[in-house]
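A short worksheet on the structure shown next.
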2 protein chains.
Amino acid sequence: MSSRSQAIADILTRAIIDHRLVPGCKLGERELAEIFKVSRIVIRQALIRLADDGLAQIERNRGAFVARPSMQEAMEIYDALTLVEQGVAAQLSDRLGPAGFAELRQHVERQRQAIEAGNDALADVLGQEFHTLFVRLSRNKVMQEIHAQLVRRTTLLRSLISADFDYCNLLDDHQRVIDLLERGRLKQVMELIDAHHRSVVRGYIMDRQVFPELTPREALQPYIDGKIDKAPKPLRKKTAESGGTGTHGHVHATK
Amino acid sequence: MSSRSQAIADILTRAIIDHRLVPGCKLGERELAEIFKVSRIVIRQALIRLADDGLAQIERNRGAFVARPSMQEAMEIYDALTLVEQGVAAQLSDRLGPAGFAELRQHVERQRQAIEAGNDALADVLGQEFHTLFVRLSRNKVMQEIHAQLVRRTTLLRSLISADFDYCNLLDDHQRVIDLLERGRLKQVMELIDAHHRSVVRGYIMDRQVFPELTPREALQPYIDGKIDKAPKPLRKKTAESGGTGTHGHVHATK
DNA sequence: AAACACAAGATTGGATATCAATCAATAAAA
DNA sequence: TTTTATTGATTGATATCCAATCTTGTGTTT
């Protein structure tokens with residue numbers, strides 16, 4: 001079993017990517033120590049890990065806060081993500097066998113079903129996981145870790161914006177990536193990946209102010225109680241109502 | 001000023017990439033605490049940072065050691081580095097202006113002079129820095145940090161191998177990358193980057209045994225005394241004598 | 001009333017001492 | 001010689017304490 005501080009860092013990470021802890025939220029040592037019932041030092045170690053991961057920012061003598069990336073940094077993160085996924089696509093275009101393509105298609109199918117069922121939260125998660133699966137097929141653990149970190153940071157970014165996503169578009173993109181990749185159309189795949197991420201960034205309107213709806217204690221309690229474990233269930237306020245027909249749950253950017 | 005643990009992590013990182021601390025070397029908390037004259041807690045925090053960076057490995061109840069990457073991991077690191085630099089090259093092929101090209105050429109010229117002067121250590125460092133400069137020109141801080149971490153890990157890898165490098169070949173590669181990039185030959189640039197890294201990996205013969213020549217105390221003392229500060233001066237046992245003519249310092253893999 | 005200065009309180013960064021759990025290595029027994 | 005116990009050392013973690021610094025609230029001055 002790994003260390004306590006790592007476990008706490010994992011929980012904090014989950015809470016952040018679940019948008020239960022929003023950017024700018026103070027992560028006080030004493031408060032967290034009480035919540036997790038550990039000493040302040042363990043909390044500090046966890047916060048160091050979060051800061052190294054880009055999810056928290058530690059200011060000397062002021063404490064740690066959930067990171068509040070600038071628009072500039074948001075762009076850089078998406079650029080980096082695009083670069084990584086394009087590179088992986090290039091590698092996979094040579095090396096990916098039928099089993100790999102099958103796995104990708106199966107995943108897309110699962111997401112399609114989630115959308116049909118109107119389960120936006122699940123669809124959101126599956127949409128993210130597609131990218132993770134994509135990179136995992138490269139069989140490069142180092143690359144996987146880099147990519148996972150970037151994905152976490154993009155997930156954090158979503159707390160800062162008031163846009164939502166069009167799951168169908170994203171899903172179609174995934175489907176097309178698979179098709180193009182299988183037919184060896186690498187150039188088109190890479191353009192699609194670029195466009196895919198741009199379509200996400202385009203909707204970004206950074207509201208510098210984010211209102212925390214939960215105190216850290218409220219945000220973290222479910223994880224401690226074990227009420228939230230493996231299956232990610234993001235807490236997202238949907239700004240547009242989710243699709244009612246059950247077949248095409250389009251959700252568009254608001255404002 | 002940043003935290004003490006960060007400063008110590010930086011020193012340890014420097015000591016590792018300078019090959020003063022070799023893979024497998026035990027990083028005992030008590031010992032390091034005495035060396036740096038801080039408490040064990042600060043050391044532990046520094047070690048956490050190193051582990052997050054992939055330079056150290058923490059085993060529960062056993063302590064921290066300088067990372068000893070497997071051959072598999074070494075390959076993955078180089079693959080990731082190739083992927084990143086190819087991606088950056090693709091970005092730069094659009095966006096890099098004359099000033100950027102001038103900066104690259106100037107750097108290569110400096111390395112050429114170092115080689116002519118027979119200063120292998122400096123040439124080595126400059127050779128590394130070319131890659132860093134290359135990525136910096138992308139103006140993406142997120143990407144820079146990812147790349148810097150990968151470079152640190154490749155530098156660590158060099159402690160594990162008995163091969164040395166042919167500076168001229170690498171320098172020529174750098175020169176050619178610039179030329180090709182300027183002429184918009186992106187495809188060739190990317191092939192060259194791939195070949196460049198492969199030529200490095202090809203010489204890898206991992207000796208699982210590495211003999212520490214310095215105790216941690218000996219390895220770290222110079223940094224504490226401030227005798228080694230900014231300019232990296234790697235301590236490398238050259239397995240072949242450095243070029244004597246002054247114009248072509250070829251150094252080949254041994255054994 | 002607004003601006004500034006200053007003191008009190010709170011928080012972080014770090015030190016020290018202490019304890020339990022675990023690993024490593026030696027010593028003892030079969 | 002192999003196996004088992006014991007001992008010692010190291011890590012993971014806690015509690016307590018202290019100094020430096022930041023925040024805040026108050027009071028004074030203009």
Side-chain angles (χ1 to χ4, degrees), chain A residues 1-13 16 21 23-53 55-68 209 212 215-217 219-220 223-224, chain B residues 1-13 16 21-53 55-68 208-209 212 215-217 219-220 223-224:
Chain A
M1 193 52 190
S2 85
S3 67
R4 194 90 184 81
S5 66
Q6 180 65 64
I8 289 174
D10 289 344
I11 290 178
L12 289 174
T13 298
I16 290 172
L21 293 172
C25 175
K26 177 75 188 285
L27 300 171
E29 291 185 5
R30 201 176 305 276
E31 185 177 9
L32 293 177
E34 282 175 19
I35 293 173
F36 287 104
K37 301 193 199 313
V38 295
S39 68
R40 273 175 55 207
I41 288 167
V42 176
I43 296 296
R44 191 117 107 238
Q45 289 164 358
L47 292 175
I48 287 174
R49 291 179 201 271
L50 252 71
D52 278 356
D53 224 39
L55 292 181
Q57 186 179 343
I58 297 177
E59 296 176 29
R60 183 171 177 91
N61 286 320
R62 295 210 45 239
F65 306 82
V66 177
R68 248 179 32 186
Q209 238 87 325
T215 67
R217 178 164 256 121
L220 295 167
Y223 301 98
I224 296 169
Chain B
M1 189 51 191
S2 84
S3 67
R4 194 88 183 84
S5 65
Q6 181 64 65
I8 289 174
D10 289 342
I11 290 178
L12 289 174
T13 298
I16 290 173
L21 292 171
V22 299
C25 175
K26 177 76 187 286
L27 300 172
E29 291 185 5
R30 201 175 306 274
E31 185 177 10
L32 294 178
E34 283 176 20
I35 292 173
F36 288 104
K37 302 194 199 311
V38 295
S39 69
R40 273 175 56 207
I41 290 166
V42 177
I43 296 297
R44 189 112 113 243
Q45 289 165 357
L47 292 175
I48 286 174
R49 291 180 201 271
L50 253 70
D52 278 358
D53 226 38
L55 293 180
Q57 186 179 346
I58 297 177
E59 296 176 28
R60 183 172 177 90
N61 288 319
R62 293 213 45 236
F65 306 83
V66 177
R68 246 180 37 184
R208 299 312 289 132
Q209 238 89 324
T215 66
R217 178 163 256 121
L220 295 168
Y223 302 98
I224 296 169

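On a predicted model such as this, the values are computed, not experimentally measured, just so you know. To find a chain, count down the sequence lines: A is the first, B the second, and so on, and within it residues start at 1.
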Item to complete: Verify the distance criterion only: is there a donor paired with an acceptor across the side chains of A:Ser3 and B:Arg60 at less than 3.5 Å?
Response: no
Worksheet item: Going by distance alone, is a donor N or O of one side chain under 3.5 Å from an acceptor N or O of the other, for A:Gln6 and A:Arg49?
Response: yes
Discussion item. Under 4.0 Å between a side-chain nitrogen and a carboxylate oxygen: does that hold for B:Arg44 and B:Glu29?
Written reply: yes
Worksheet item: Between A:Phe36 and A:Ile43, is any pair of side-chain heavy atoms under 4.5 Å apart?
Response: yes
Worksheet item: Residues two or more places apart in sequence or in another chain: which of them pass side-chain hydrogen bond (donor to acceptor under 3.5 Å, both in side chains) with A:Arg30?
Response: none
Worksheet item: What does nucleotides 12-25 of chain C look like as a protein-contact string, B for base, S for sugar-phosphate only, - for none, at under 4.0 angstrom between heavy atoms?
Response: BBBSB-----SSS-
Discussion item. Measure CD1/B:Ile43 against C1'/D:dG12 and give the value in whole Å, please.
Written reply: 16 Å
